[in-house]
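Remember, it's 1-based here, ligands and their atoms both numbered in the order they're listed.
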Amino acid sequence: LAQDALKRRCYDFLNMTSRSFAAVIQELDEELRDAVCLFYLVLRGLDTIEDDMSLDLDRKVELLRSFDQVIYQKGWTFTENGPNEKDRELLVHFDVVIDEFLRLKPEYQKVIANITKLMGDGMADYASGEHRENTAIATIKDFDLYCHYVAGLVGYGLSDLFAASGLESKEIANDKALSDSMGLFLQKTNIIRDYREDLDDGRQFWPKEIWGKYVEKFSDLTKPEYKDKAQACLSDMVLNVLDDVPQVLTYLSKLTNQSVFNFCAIPQVMAISTLALVFNNLDIYHRNIKIRKGEAVKLITNSTDMDNVVSIFREYIFVISRKNEATDPNFMKISMAIGRIEQWI
Ligand SMILES: COc1cccc([C@H]2O[C@H](CC(=O)N[C@@H](CC(=O)O)C(=O)O)C(=O)N(CC(C)(C)C)c3ccc(Cl)cc32)c1OC
């Protein structure tokens, strides 16, 4: 049937963009699967436009601010963007995504369009703001706002979809701070992990309010003569991320549907494992480090209930406390952040 072929192609795009996470999305209960798959693809489309350096600024801003209307325009495709194969493919065939989007329940369409509008505007503000010279993220407040736009809003939208589906209580969408933390914890951990990759791409997302305490120039963190400063800066960044752990665990403890729990818990346990790996690990200034495949598989298979997830967090919080060095200027603050988390777990 033609409609099934359309849907099949959307899941092919999903598997093309992110293999591991795509599998988790496809495990979701029937009621939510298509809505989350299409939410993911619309977000991927928005992200591709934001990342496309070949677009001139006002064209990019126009696209970002109007993407919530684009997703209702049957037949729309985008062929202006750069050579990046993986993501270009999705936008060139975006009409397929739009056709499927228009087949969703209106309530799911509304959630996706609403978040797309908020995120598109946020990305446009960030892209066109005065901070062209890349001091985009000056304060910790700017850091939280940027991560809210690109990741916290995804938490908002997913909580709204979970509530609308009836698979989770309406309450999950009420506490926006919890949904925000689900995005901030993932995004901030990735921003720490991706220091070197982003630096080489000419991008910097670490707030100057933090790194500016340790070095003059952001790239000084890679130099051997700044080794101690670089280590202290890294622990300062990890300290900032640890604040979100209690909210993440609280959010997960509220979930009742098994497939929704797995979908939400797996990225979070991967993130706490990554956070423990990067803590006091100066390799992040030189190359992109990732948790080993075997560890990832163990985490995925053990993230199906709250008790296991709590014990995984406890294990990695213990790794962080063991790696915490008394000579580090942030030693006490890290110890206290760990203390706050241990009360919870
Ligand atoms: C309640 O909130 C969530 C619950 C479950 C999963 C996610 C979150 O998890 C993946 C997990 C994922 O995509 N992992 C990658 C690996 C990696 O990026 O390091 C993967 O496995 O390929 C992720 O990273 N992001 C991207 C953002 C963080 C920007 C939101 C993401 C993008 C689109 C969607 Cl619909 C969902 C998510 C949630 O979003 C907060």
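With hydrogens and angles left out, the side-chain atoms of Thr116 and Asp68 include no donor and acceptor closer than 3.5 Å. Neither side chain, Thr304 nor Asn262, offers a donor N or O lying under 3.5 Å from an acceptor on the other. The closest side-chain donor-acceptor pair between Asp29 and Ser259 falls under 3.5 angstrom.
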Write 'none' if nothing qualifies; otherwise put on separate lines each N/O atom of ligand 1 with a protein N/O atom under 3.5 Å away and their distance to 0.1 Å.
| residue | atom | partner | partner atom | Å |
| --- | --- | --- | --- | --- |
| ligand 1 | 19 (O) | Arg193 | NH1 | 3.2 |
| ligand 1 | 19 (O) | Arg193 | NH2 | 3.4 |
| ligand 1 | 21 (O) | Ser20 | OG | 2.9 |
| ligand 1 | 22 (O) | Ser18 | OG | 2.7 |

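The aromatic ring centres of Tyr146 and Tyr126 sit less than 6.0 Å apart.
Just one residue in the list Phe67, Phe39, Tyr72 forms a ring-ring contact (aromatic ring centres under 6.0 Å, His included) with Phe101, and that residue is Tyr72.
Contact annotation: the side chain of Ile210 approaches that of Ile140 to within less than 4.5 Å [non-hydrogen atoms, C-beta and beyond].
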